[in-house]
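Written below as structure tokens is the structure these notes are about.
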Amino acid sequence: MAAVTSGPLAQLADEIRTEAWTLALAVVEEGLRDDTIPPLARLGRVGQLGDMPTFIAELAEHLLHPKPERLRRGSPLAALVRDHAREREALGFAPRDIVTECVVAYFDRATSELSHKARHDALTDLLNHASFTRELELEIERAKRYSAGVTLVFFDLDDFKEVNDTYGHPAGDQALKRVAQLLRGGLRQSDLAGRMGGDEFAALLVESDQNTGETFLGRLRARLGELSESGELTVPLAISAGVSRYPDDGDDAQALFAVADTRLYDAKRASAA
């Protein structure tokens with residue numbers, strides 16, 4: 001029985017299959033641009049596409065239901081590529097053009113753009129909840145091997161429901177995107193940021209010491225204050241945050257999130273008192 005892919009890869013496979021025609025058109029347009037693949041210009045729209053949509057859909061099927069025999073010499077997919085190449089050669093394509101068009105452009109275009117979408121939040125372009133948590137787990141494993149520290153900063157926006165109710169959801173979305181930009185801008189190249197859902201965000205700070213999280217939060221709050229004073233922020237924003245650290249507060253992602261979440265709500269209660 002063939003293996004069945006689950007989770008983010010299954011979502012990626014489904015998106016590749018759904019977007020097969022769009023991806024194929026993008027490859028054609030790229031080939032026509034600046035005469036990258038000159039023979040394409042002689043063909044009509046359907047002729048330019050050839051078997052690309054079918055080929056991309058087959059790649060999606062292979063991701064969703066992996067079958068090693070599908071990619072072997074003599075397989076239906078291999079035959080599809082061979083026949084496509086022969087048709088292109090008969091139209092005057094150079095072998096280099098055929099290889100570029102049939103293999104490199106198809107797979108690279110299909111996987112790079114859609115894999116990014118599968119891992120990132122659509123509004124802010126930060127890592128989504130699942131991807132951020134996975135990266136945190138991987139970083140903790142690395143820290144265990146090298147006796148390093150990892151800091152998790154978990155925060156949300158104070159009274160964000162009131163922001164949406166008062167200024168409208170478009171203004172709320174713009175505020176979330178602006179916070180995401182500030183969060184990303186305050187990171188080192190090795191650090192990561194994610195949107196955990198709603199108005200909740202997180203930062204993963206690698207190779208960190210006891211003070212790294214609070215220092216990071218101080219800079220983020222200062223920048224928010226500067227933007228508010230300058231009028232660049234059209235809605236009032238403040239954050240409440242919790243910080244946890246490996247190895248002091250736990251040895252896996254779930255434990256660090258639990259501690260950071262508790263500290264976040266302790267901070268909210270303290271500010272409301």
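Heavy atoms only: backbone and side chains are in, while hydrogens, waters and symmetry mates are out.
- Distance check: L127 CG to H120 NE2 gives 4.5 Å after rounding to the nearest 0.5 Å.
- With sequence neighbours excluded, the residues that form a side chain to side chain donor-acceptor pair (under 3.5 Å) with R178 are Q181, E232.
- Taking CG of L237 as the start and CG of L224 as the end, the distance is 6.5 Å to the nearest 0.5 Å.
- Side-chain contact check for L176 versus F160: some heavy-atom pair is nearer than 4.5 Å.
- Hydrophobic clustering (ILVMFWY, side-chain heavy atoms < 4.5 Å, transitive): Y246 and L187 are in distinct clusters.
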**OP:** Decide yes or no on salt bridge (charged side-chain N to carboxylate O under 4.0 Å, His left out) for R263 and D266, but give the supporting numbers first.
**Re:** CA-CA 5 Å; R263 290 173 177 167; D266 287 346; over 6 Å; no
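- Legend: ring-ring contact (aromatic ring centres under 6.0 Å, His included) pairs involving residues 214-234, not counting sequence neighbours: none detected.
- Between P247 and A148, the shortest heavy-atom distance links the atoms CD-O, 4.5 Å.
- Applying the side chain to side chain donor-acceptor pair (under 3.5 Å) test to R142 and every residue at least two apart in sequence or in another chain returns E139.
- With sequence neighbours excluded, the residues forming a side-chain contact (heavy atoms from CB on, under 4.5 Å) with A238 are D158, listed by chain and number.
- Between T212 and R245 the shortest side-chain heavy-atom distance does not fall below 4.5 Å.
- The stretch residues 183-198 participates, sequence neighbours left out, in these side-chain hydrogen bond (donor to acceptor under 3.5 Å, both in side chains) pairs: D121-R195, R188-D191.
- Residues that satisfy the side chain to side chain donor-acceptor pair (under 3.5 Å) test with E137, not counting sequence neighbours, are absent from this structure.
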What donor-acceptor contacts under 3.5 angstrom involve side-chain atoms of residues 197-208, with partners at least two apart or in another chain?
{"unit_1": "D199", "atom_1": "OD2", "unit_2": "L157", "atom_2": "N", "d": "3.3"}
{"unit_1": "S208", "atom_1": "OG", "unit_2": "T151", "atom_2": "N", "d": "3.1"}
{"unit_1": "S208", "atom_1": "OG", "unit_2": "T151", "atom_2": "OG1", "d": "2.6"}
{"unit_1": "S208", "atom_1": "OG", "unit_2": "L205", "atom_2": "O", "d": "3.4"}

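- In this structure, OG1 in T133 is found 5.5 Å from CE in M196, a value given to the nearest 0.5 Å.
- Here L136 contributes atom CG and I140 contributes atom CD1; the two are 4.0 Å apart, rounded to the nearest 0.5 Å.
- Pairs engaging residues 221-242 under the ring-ring contact (aromatic ring centres under 6.0 Å, His included) rule: none recorded [sequence neighbours left out].
- The minimum heavy-atom distance linking N128 with A118 is given by the pair ND2-O, 3.0 Å.
- Taking 4.5 Å as the limit, some side-chain heavy atom of D248 sits within range of a side-chain heavy atom of Q210.
- The CG atom of L126 sits 6.0 Å away from atom CG of L183, with the distance rounded to the nearest 0.5 Å.
- Residues satisfying the side-chain contact (heavy atoms from CB on, under 4.5 Å) criterion with A241, sequence neighbours excluded, are F155, L217, R221.
- In this structure R223 satisfies the salt bridge (charged side-chain N to carboxylate O under 4.0 Å, His left out) test together with E226, sequence neighbours excluded.
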Give every donor-acceptor pair under 3.5 Å between a side-chain atom in residues 250-262 and any protein atom, sequence neighbours left out.
{"unit_1": "D252", "atom_1": "OD1", "unit_2": "Q254", "atom_2": "N", "d": "3.3"}
{"unit_1": "D252", "atom_1": "OD1", "unit_2": "A255", "atom_2": "N", "d": "2.7"}
{"unit_1": "T262", "atom_1": "OG1", "unit_2": "A258", "atom_2": "O", "d": "3.0"}

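- Transitive grouping of hydrophobic side chains (ILVMFWY, heavy atoms separated by less than 4.5 Å) keeps L123 and L192 in distinct clusters.
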Quiz: residues 162-174 side-chain donor-acceptor pairs under 3.5 angstrom, not counting sequence neighbours:
{"unit_1": "D165", "atom_1": "OD2", "unit_2": "K161", "atom_2": "NZ", "d": "2.8"}
{"unit_1": "T166", "atom_1": "OG1", "unit_2": "E162", "atom_2": "O", "d": "2.8"}

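- Note on Y265: it clusters hydrophobically with F154, by side-chain heavy-atom contacts below 4.5 Å among ILVMFWY residues.
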